[in-house]
Each structure stands twice: as C-alpha cells, then as structure tokens.
Amino acid sequence: MLLSRLARVSQEVAAASARSRKIALLAELFRDAEADDVPIVIPYLAGRLPQGRLGVGWKVLGRPVAPAAEPTLTVREVDALLGRLGGVSGPGSRAERARLVGELLGAATEDEQRFLFGLLTGEVRQGALDAVAVEGLARATGAPAAEVRRAVMLAGSLQTVAGALLADGPAALERFRLTVGRPVLPMLAHSASSVAEAVEKLGACAVEEKLDGVRIQVHRDGDTVRVHTRTLDDITDRLPEVTAAARELPGERFVLDGEVVSFDADGRPRSFQETAGRVGSRVDVATAAREVPVSPVFFDALSVDGRDLLDLPFAERHAELARLVPEPLRVRRTVVSGPQDTGAAEEFLAATLERGHEGVVVKGLDAPYSAGRRGASWLKVKPVHTLDLVVLAAEWGHGRRAGKLSNLHLGARTADGGFAMLGKTFKGMTDAMLAWQTERLRELAVDEGGYVVTVRPELVVEIAYDGLQRSPRYPAGVALRFARVVRYREDKRPEEADTVEALLAAHPEVRP
DNA sequence: TTCCGACAGTGGGGTCGCAAT
DNA sequence: ATTGCGACCCCACTATCGGAA
C-alpha cells in the first residue's frame with residue numbers, strides 16, 4: 001500500500017467530525033490492506049509507530065526537505081527505513097538519524113511529509129487514536145467491538161490483536177486472556193472534588209491512601225519476575241527491591257497492581273521528584289538503590305495461582321490480595337458502608353495527608369477490574385490549593401487553539417515589588433475564556449514579536465494547583481505542580497496578588 | 001429529549017541518559 | 001564539563017460524539 005493513501009485517509013479522518021465517519025474511513029482502509037501491510041498500517045493510523053519512539057523529535061524534523069513531486073513510497077518501505085533509524089546509536093548517531101530522516105522526507109510528497117511529521121512526533125491530530133482504530137478494526141473484520149477492545153487491553157497492544165484478527169478472524173480473540181508475564185493496561189481513576197462526593201457516588205466502598213510514586217504491575221511466574229509501568233514499559237532491571245519483594249511472597253504465579261515509592265529514614269514518603277528520579281535511573285542502579293531505596297506497595301490482584309480475577313468484584317480481589325501480600329506491602333485503607341459513614345472516610349483522608357501522602361482513592365467494592373479504562377468506580381480525591389497570580393506573558397496556541405493566546409506565564413509578587421514566574425498553564429480555559437484573554441492580553445502587550453507575547457503585569461488570575469515542587473528553572477526556586485485556571489479576578493489589582501513569601505510559608509515541606 | 005461516559009486534544013514540570021559542543 | 005534533546009514519569013481540564021436513560 002502506498003503511504004499517500006494513509007496520508008489522504010488521515011486527512012479525511014481529521015476533517016470528519018462524526019466519530020462514526022472516522023471509524024468507517026479507517027475500516028475501509030484496513031479492509032484494503034494486504035496481510036504484510038496490516039501490522040504497519042493499523043498502528044500508523046492509530047498514531048503510533050510499531051517500533052515505539054525512535055529518538056526523532058521536533059529538532060531533527062525541523063529542517064525543511066524539498067518534497068517529492070509524485071507519491072511512490074510504500075508503507076513497507078517507510079517501515080523498513082524507520083526500523084533502520086531505530087537501530088542507530090553511538091557517536092555520530094544524531095547525524096545519521098538526521099540523514100535517514102532527510103532521505104525519508106525527500107522521498108515523500110508534501111501531504112506524506114505532513115503525515116510522517118505527525119507520526120514521528122506522536123501528534124497525528126486526526127481526532128482518532130487507539131479507541132477509534134479499535135472500532136475500525138472491528139468493523140473491518142466483523143468482530144464485536146467490545147471483544148476487540150478487551151483483547152487489546154489484555155494484550156496491551158493493538159498490533160498484536162490486529163495481526164491475529166486478520167490472520168485467523170474473530171475466533172482469534174479467544175486467545176487473548178490474562179496471561180502471567182504479559183502486561184495488561186492498568187485501570188485508571190477519575191477525580192472527585194471531595195470524599196463526600198465520591199462516597200455519595202459509590203456507596204459501600206474502600207478508601208485507600210494514594211501514594212505519590214510510580215504505578216507498577218508486577219508479574220511473577222516461579223522465579224521469573226517482571227515489573228511494568230503504566231504504559232507497560234519493562235522496568236524490572238531498575239527495581240531490584242520490587243523483584244526481591246515479589247519473590248518473598250507465598251505464591252508462585254500472580255499479577256499485582258501497585259505503586260513504587262521511596263520513604264525516608266523516618267518513614268515519610270519522599271517527594272515525587274526523588275522517587276521518579278530513582279525509578280528513571282537505569283545505568284548505575286546499585287548506587288541509586290542505595291541512595292534512594294524504594295518499596296512496592298500493592299492495592300489490587302489481577303491473577304493469583306492461575307486464577308484470573310479481573311471480573312471479580314473488588315472486595316473479592318482484595319481478599320485474594322490480603323491472603324498473598326502482608327500488610328506492610330499493601331496500601332492502608334478503610335472500608336465505609338456508604339454516605340452515612342462519610343465521617344470515617346474524611347478522617348482517613350486527614351490521617352493520610354498527615355502521613356505525607358497525596359490523597360485517597362475511593363473504590364467501589366463490587367466493581368470489576370476495568371483494564372485500560374478510566375473506570376467510574378475509582379475516584380481520587382486530593383486537596384486543591386489556590387492562588388491569585390499575575391499574568392506575565394502568554395504563548396500562541398496550536399491546533400484548535402491556533403490564533404488564540406493560550407499558555408499563560410504566571411507570576412507571584414516578590415519583596416522588591418516585582419514578580420517571580422512560578423510556571424505556566426493552559427488548563428481550565430473554556431473557549432469563551434480563550435477568546436476573552438486573547439483580546440485582553442493583546443491590549444496589555446508590550447512585545448508581540450514572537451510566539452511569546454509579553455504583557456504589562458496587570459491581569460490577576462485565580463490558579464488552582466496540587467502542590468509546590470523544587471525547580472531548577474524558575475527564579476523563586478519553586479514551581480507549581482499541575483497549575484490550572486479557575487477564573488479571572490478583574491476585581492483584584494496586581495498589588496493584591498499572592499506573594500512568593502506567603503506561598504513558601506504555606507508549603508514548609510518544600511525548600512527552594 | 002436530556003444526560004453522561006469515553007476520547008482526543010492541549011500542553012505543564014522534572015529527571016535521566018546520550019550525543020554534541 | 002556543560003548543553004541540548006528526546007523519552008517517560010507524573011498530570012488537569014474542556015469539547016465533542018453518541019449511546020444510555
């Protein structure tokens with residue numbers, strides 16, 4: 001199949017607003033793909049590379065290359081070239097990658113270049129990714145969409161399922177069951193604004209502490225232990241403590257879901273930055289493990305002794321977990337009977353925060369494990385802080401925000417009467433707010449030269465954030481974590497905005 | 001007819017490791 | 001030695017479609 005066909009379909013998908021139309025377009029293309037093209041075409045149209053990321057980003061792609069006049073590239077040729085690209089490493093590899101990318105782009109037409117650009121940067125922006133591709137695949141093969149989706153979650157990969165389906169038809173879906181040693185997409189949580197709201201929604205539920213670390217899925221099959229992240233990357237080699245802990249457990253075959261975190265000498269959780277830095281260290285793991293030891297803490301069991309527990313109610317899965325995993329290696333929790341018992345849930349949240357953790361996750365007791373879904377039966381509750389800050393500058397948006405000032409630079413007052421930038425945010429704005437702030441900020445602009453528009457520091461905005469973190473980049477030595485706009489405060493003058501001093505006083509746990 | 005769940009898009013800060021400077 | 005870049009960790013929120021209620 002020619003790459004030009006994919007590029008054209010991707011454009012048509014982007015132009016279609018109806019999901020059903022997007023699905024139909026993808027299904028038609030998948031149906032036409034030859035067997036050898038399928039493992040390439042399907043991931044490409046889901047906005048994904050079969051090889052994973054290739055070490056090619058905006059910088060390498062930034063240099064314009066004269067496009068080819070006629071489309072001649074086939075998807076198999078593209079795949080072969082990207083395969084070579086992925087294998088390049090060592091001195092001179094940057095130049096070699098750039099050369100290969102240039103070769104590829106030079107053979108592509110303008111439309112094809114645009115498609116490849118999106119694919120390589122992971123931003124296809126056609127309003128259709130995995131979920132829509134799954135529907136298209138189901139349509140193309142005559143398999144029920146729900147079963148295809150479930151197979152993809154259990155295989156942890158769309159390609160694998162696509163290959164099997166196109167080779168053997170819908171019957172192939174039978175093969176995709178939870179298998180120890182093969183990671184499945186983890187279940188995710190929604191947010192709730194309070195414990196009361198969460199308990200109201202879920203009724204009888206467990207309230208569990210939410211640890212601020214890295215999600216892990218641990219598979220043990222006899223002596224073999226594998227540890228995977230939320231995106232199913234294998235990080236076994238970086239976490240010897242987790243492997244050791246899994247081998248200590250009194251079971252030969254199991255799959256557990258949990259979090260890996262680091263505690264200091266007093267048993268207080270270290271900052272996310274410290275834990276994530278440790279988990280990210282892969283060269284000298286022994287040293288990293290000595291300096292920042294980590295512990296696994298589990299909260300769910302997906303499989304124990306060959307029994308697949310996914311469809312069991314959480315209460316039963318947790319009973320299995322408790323049989324296998326001793327209490328110190330499980331998250332703290334309390335069970336409440338319903339809204340009449342909200343007080344106990346709130347006390348548990350307060351105690352959890354007192355111990356230095358992030359918040360709680362409230363979980364319905366009768367819900368199954370919805371692999372790969374953001375299940376409505378898991379609700380996280382974290383405290384939210386707010387500040388009144390001053391807009392120092394704004395950046396022009398992209399995509400559907402093109403032509404709008406989107407990303408705000410946020411400042412707090414300093415002792416000398418100036419402002420210190422604490423981070424940026426593009427979150428929380430409605431379309432109406434985007435339009436309004438674009439107009440208002442242009443009135444305040446002192447420099448509209450580049451993609452950053454600097455403004456007179458006069459506009460006050462209320463910002464919600466999750467916490468403060470140490471920053472090597474911003475002048476106050478701290479930055480806001482997950483900042484988002486709540487509303488503009490036109491009733492406030494910049495002299496009434498919050499100060500850096502007050503912010504630091506409110507977060508004694510963080511020192512710049 | 002209205003409501004709500006699922007998705008995609010729009011980017012945020014930090015750290016690590018590698019290659020280039 | 002330092003800098004630049006890409007890959008991944010963590011993530012919030014809004015708009016939209018389409019099926020559920």
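We name chains A, B, ... by the order of the sequence lines, and we start the count at 1 in each one. Note: hydrogens, waters and symmetry copies are ignored here, and every other heavy atom, side chains too, is used. Note that the coordinates shown come from a computational prediction; the quantities given were computed from them, not determined experimentally.
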Margin query: Run Arg149(A) and Asp130(A) through salt bridge (charged side-chain N to carboxylate O under 4.0 Å, His left out) and show every step you take.
Written below: CA-CA 10 Å; Arg149(A) 190 159 48 234; Asp130(A) 262 25; over 6 Å; no
Checklist line | Verdict with supporting geometry, Lys424(A) and Glu395(A), salt bridge (charged side-chain N to carboxylate O under 4.0 Å, His left out) | finding: CA-CA 10 Å; Lys424(A) 309 179 190 179; Glu395(A) 297 173 16; 2.8 Å; yes
Checklist line | From CA spacing to verdict: salt bridge (charged side-chain N to carboxylate O under 4.0 Å, His left out), Glu259(A), Arg215(A) | finding: CA-CA 4 Å; Glu259(A) 191 92 358; Arg215(A) 184 84 175 263; 5.2 Å; no
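Side chain to side chain, Tyr369(A) and Asp257(A) meet the donor-acceptor criterion of an N or O pair below 3.5 Å. No donor-acceptor contact under 3.5 angstrom links the side chains of Glu96(A) and Ser93(A), judged on distance only.
No engagement by Thr275(A) is indicated, since no non-hydrogen atom pair under 4.0 Å with the nucleic acid exists. Contacts of Gly397(A) with the nucleic acid, taken as non-hydrogen atoms under 4.0 Å apart, involve only primed sugar atoms and P, OP1 or OP2.
Look at CZ on Arg270(A): it is 15 Å from P on dT15(B), rounded to the nearest Å. The distance between atom CE of Met153(A) and atom C1' of dA6(B), rounded to the nearest whole Å, is 10 Å. The distance between atom NE2 of His507(A) and atom P of dG13(B), rounded to the nearest whole Å, is 17 Å. Distance Arg470(A) CZ to dG14(B) P: 12 Å, rounded to the nearest Å. Across the protein-nucleic acid pair, Leu188(A) atom CG and dC7(B) atom C1' stand 13 Å apart, rounded to whole Å. Distance NE2 (His409(A)) to C1' (dG11(B)): 12 Å, rounded to an integer number of Å. Rounded to a whole Å, the CG atom of Leu480(A) is 16 Å from the C1' atom of dG11(B). What separates CD of Glu135(A) from P of dG5(B) is a distance of 18 Å, to the nearest Å.
Relative to the ring axis of Phe30(A), Arg139(A) does not place its NZ or CZ within 45° and under 6.0 Å from the centre.
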Next item on the list: At under 4.0 Å between heavy atoms, which parts of nucleotides 10-15 of chain C does protein reach? Answer with one letter per nucleotide, 5' to 3': B base, S sugar-phosphate only, - none.
Entry: BBBSSS
Notebook entry, point to check: Going 5' to 3' along nucleotides 16-21 of chain B, which nucleotides have protein heavy atoms under 4.0 Å from the base (write B), which only from the sugar-phosphate (write S), and which from neither (write -)?
Noted result: SSSSS-
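Side chain of Asn407(A), nearest nucleotide from dG12(B), dA6(B), dG13(B): dG12(B). Among the nucleotides dC17(C), dG12(B), dA8(B), the one closest to the side chain of Leu129(A) is dA8(B).
Between Arg19(A) and Ala479(A), the residue anchored closer to the 5' end of DNA chain B is Arg19(A), taking for each the nucleotide with the nearest heavy atom. Mapped onto DNA chain B by nearest heavy atom, Gly423(A) and Asp130(A) fall at different nucleotides, with Asp130(A) at the one closer to the 5' end.
Separation of atoms CG (Leu185(A)) and NE2 (His228(A)) is listed at 11.5 Å; rounding is to 0.5 Å. One finds the CZ atom of Arg332(A) at 5.5 Å from the CD atom of Glu209(A) (value rounded to the nearest 0.5 Å).
A salt bridge is defined here as a Lys NZ or Arg NE, NH1 or NH2 lying under 4.0 Å from an Asp or Glu carboxylate O, and Arg282(A) with Asp237(A) fails to meet this definition.
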